[in-house]
Every structure is written in C-alpha cells, then in structure tokens.
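First listed ligand is number 1; within each ligand, the first listed atom is number 1.
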Amino acid sequence: MYRIETLDEFIIKRQKSYSTATGELTGLLRDIGLAAKIVNREVNKAGLINILGKFQKENASGEQVAKLDIYANDRLIDFLKTSGECAGIASEELEDFVVFPPRNEQRGKYVVVIDPLDGSSNIDVNVSVGTIFGIYRRVSPEDQDITLKDFLQPGLDLVAAGYVIYGTSTILVYSTGDGVNGFTLDPSIGEFCLSHRDIKIPEEGPYYSVNQGYYLKFDLEMRRYIDYCSDLNLRLRYIGTMVADIHRILFQGGVFLYPNTRKYPKGKLRLLYECNPLAYIVEQAGGKALNVKLERILEMQPEELHQRSSVIMGSPKMIDEMAEFVQRYAPNIPSEVG
Ligand code: AHG
Ligand code: MN
Ligand code: MN
C-alpha cells in the first residue's frame, strides 16, 4: 500500500542521512512548516472575517501593507522566536532585524530572512499569495547577540530556503542544498505530504513572465528579449505574486523577469527576502538566476537589509539566450554568465 510521507518525517529522515547534522536546522524547518499552516488557515478564511484590507501604514520599503502581511509576519516571528534554533529574523515588513532572546542561556545558530506574504495586492481578489524564507548560519560569535552582518550574507551561503504557495492547494517547496522537494498540505489531516520529489526545472519551456505593462520603461536589451519571446509565441503569464510565477516556471519551464524600470532603477524585488531564496530554489532545481548585469544573484554581496535587485531566472537554456540579447544590445556588459 502507498504510504504518504509527511514533511516532518521527510525532514527527520534527511537529517539522519547526514552524520554531522545536529537537528537544529531540522527543528527550524519544522517550525516554519507549522507557521505556514497557521498562515494558510488565515489566508483561507480571509474573505470570512474582517481581516481583508489595508492598515493605514507602509512597510519598510514604502509600500502599502495589507492586514494579512502583518498577521503572517507576526505568526512567523512567534514560531521562530520560540524555536530555540533561531537567533533572529529580518523581514520585508520590518525596518530593522529582530534579535531573539536566548533560551536556556543559549542563542540560536541560525538567522532567518522572510517575505511573510508575497503578492499582497492579490489577497483582496482571491488570487494566490505566498511566503518566502531563507536560513543562514550566523557569522557572529554564538555567545553574543546577532549583528547586521549575519543577514548581509550572499545567497550562496544560504543553508536552506523555500517558499509556500497558498494556491488552489497549499504547497511548501524547500531545499537544503541537495535538491528541491515539494509538499502539498492535505487539509483533512493537516499535514504537508511529499508530493513533488526532486523537482527539476525543464531546460526550456513555453512561458515568459514579466509585467509587460512596464515594457517602455525597460532598457533596450530587455525590450529586445521580450520582443523575441513574443516572436516565439511564448505564452505570457504574470500573476504579480513572484512565488506563484516562479512556481509555474519551476514545473513547466520558462523565464521570469523583473528588470530595472524608471521607477525602480535597481529593480523592485528585494534581494534578501525574494531574489535570493527563490534563486537558490531555481538553481537547486537546475535553473539559473541572474541580474540584468548578468551577475549571478546568489553571488551578490548585500549591502543593506532592504536592498533591491533586478532579476531574471528560470530554465537554463532560456537564461543563456537572454544573456546573448544583453551582450548584443548592451555590449558594455561582460560576457561571463553566472
Ligand atoms: P510583496 O507583496 O511581498 O510586496 O511582493 C510583490 C512583488 C512580487 O511578488 C511580484 O512579482 C511583484 O511585486 C509585482 O510587482 P508589479 O505589480 O510591479 O508587477
Ligand atoms: Mn514579495
Ligand atoms: Mn510581502
């Protein structure tokens, strides 16, 4: 008989296969899974209770914040704070990072970066939203409080990353650097169950995903590449929730672009909370993730918590092709492709 494998079972099994693993990362991932279930419950009943709508405030990046953003932010912090393994978090919703007090005089070994609710503009209209997370081993001494440096690590130093998509079903996808696996929440038993083992992104695919409304605000090389996608009759899909757009591309192949625009000269998406964790997943699945200068996202050295970046990620063949356009139409960009 087919036996389901829950997220917790999977995480523990994985831990056992590494003789050096101490279990702390395992505990942290389980806590994130638990928090995701709580957020999922609220997302699902968002239309029923008076939780929809906006707070009269802006988040650290100056955008309007929907109520569920705050709810998701607070729940994730609650769970991570009491986990014991996490020394602090940085969130898209908070100006500064949060230091968690030691538990039993022990400080956690890890710090976590989160975009608690990705795609907030879609909440009120019942379209998929997500949660994104990344986990780093702290670099500061463990007997002291964490510092900004613990968060300003390049994506290459992530020890784990993932996302949850609250869609037609709720799916948690994560990697600890040895492939990517996906778990679908079975609401009847309240467990994430292994549903997508060892996810591999197709070499190329039928989709391109970009806010084409900004076409005239993109640089020439991006416009030429988008024209090329259109000439190829690729199908344009753009949800406006990065998690959901990447999720499609991860399974069906394609390319996701958020280049710099006049409004966002460095790109809109946040390096720590959005670009790095999703670049990590895409690369772990065999894809590529670059910025418009053709630098590998995971090699970028963050300078500040809320740093933004341009991003192009997806199927490896398509990213190589995109790089050719950039080299042809923006010849001052080096030819080394990450
Ligand atoms: P968030 O809701 O966390 O602020 O993120 C929204 C992001 C991302 O998910 C999406 O791809 C992008 O913003 C959409 O931006 P545009 O509306 O400018 O296309
Ligand atoms: Mn986001
Ligand atoms: Mn968000």
(message) So if I apply the side chain to side chain contact (heavy atoms under 4.5 Å, CB included) rule between Asp118 and each of Ile246, Val129, Thr241, Asp69, which one comes out positive?
(response) Thr241

(message) Checking side chain to side chain contact (heavy atoms under 4.5 Å, CB included) between Thr261 and each of Lys266, Lys217, Met222, which is the one that passes?
(response) Lys217

Less than 4.0 Å is my threshold; does some heavy atom of [X] fall inside it relative to ligand 1?
| X | result |
| --- | --- |
| Leu117 | yes |
| Leu269 | yes |
| Tyr273 | no |

(message) Tell me whether Asp227 is salt-bridged to Arg224, with the criterion being a basic N under 4.0 Å from an acidic carboxylate O.
(response)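 Salt bridge flag = yes for Arg224 with Asp227.
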
(request) Using a strict 4.0 Å threshold on nitrogen-to-oxygen distance, state whether Arg137 and Asp157 make a salt bridge. (result) no

(message) So, regarding Tyr258 and ligand 1 (criterion: nitrogen or oxygen to nitrogen or oxygen, under 3.5 Å), is there a contact or not?
(response)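 Yes, Tyr258 has an N/O under 3.5 Å of an N/O on ligand 1.
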
(message) Are any of the N/O atoms on Phe256, whether in the backbone or the side chain, positioned under 3.5 angstrom from an N/O atom of ligand 1?
(response) no

(message) Testing the basics here: between Pro116 and Glu93, what is the closest heavy-atom pair and its distance to 0.1 Å?
(response)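 Closest approach of Pro116 to Glu93, heavy atoms only: CG-CG, 3.8 Å.
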
(request) Taking all heavy atoms of Arg103 and all of Thr82, pick out the closest pair and write down the distance. (result) NH1-O, 2.6 Å

Element-labelled atoms of ligand 1 that are located less than 4.0 Å from some non-hydrogen atom of [X]:
| X | answer |
| --- | --- |
| Tyr238 | 11 (O), 12 (C), 14 (C), 15 (O), 16 (P), 19 (O) |
| Met242 | 8 (C), 9 (O), 10 (C), 11 (O) |
| Asp115 | 3 (O) |
| Ser120 | 1 (P), 2 (O) |

(request) Measure the acute angle between the ring planes of Tyr228 and Phe325, then classify it against the limits of 30° and 60° as parallel, tilted or perpendicular. (result)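 If you compare the ring of Tyr228 with that of Phe325, the planes turn out tilted.
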
Which single N/O/S atom of [X] lies at minimum distance from the Mn ion (ligand 2)?
| X | answer |
| --- | --- |
| Asp118 | OD1 |
| Glu274 | OE2 |
| Asp115 | OD2 |

(request) Tell me whether Gly119 has at least one N, O or S atom under 2.8 Å from the Mn ion (ligand 3). (result)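 It does not: Gly119 brings no N, O or S atom closer than 2.8 Å to the Mn ion (ligand 3).
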
(message) For a distance under 2.8 Å, tell me if Glu92 has an N/O/S atom near the Mn ion (ligand 2).
(response)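 Not a single backbone or side-chain N, O or S atom of Glu92 is under 2.8 Å from the Mn ion (ligand 2).
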
(message) On the six-membered ring of Phe79, is Arg75 placed so that its NZ or CZ lies under 6.0 angstrom from the centre and within 45° of the ring axis?
(response)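 Pair Arg75/Phe79 does not count as cation-pi.
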
(request) Run down the list Thr241, Asp118, Val210 and name the one with the heavy atom closest to atom 6 (C) of ligand 1. (result)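 Nearest option to atom 6 (C) of ligand 1, by heavy atoms: Asp118.
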
(request) Would you indicate which of Gln212, Lys268, Arg270, Glu92 comes nearest to atom 12 (C) of ligand 1 when only heavy atoms are counted? (result) Lys268

(request) Using ring pair (Phe, Tyr, Trp, His ring centres under 6.0 Å) as the criterion, point out the one residue from Tyr273, Tyr136, Phe151 that pairs with Phe97. (result) Phe151

(request) Apply side chain to side chain contact (heavy atoms under 4.5 Å, CB included) to the pair Ile132 and Val113, showing each step before the final yes or no. (result) CA-CA 8 Å; Ile132 310 173; Val113 290; over 6 Å; no

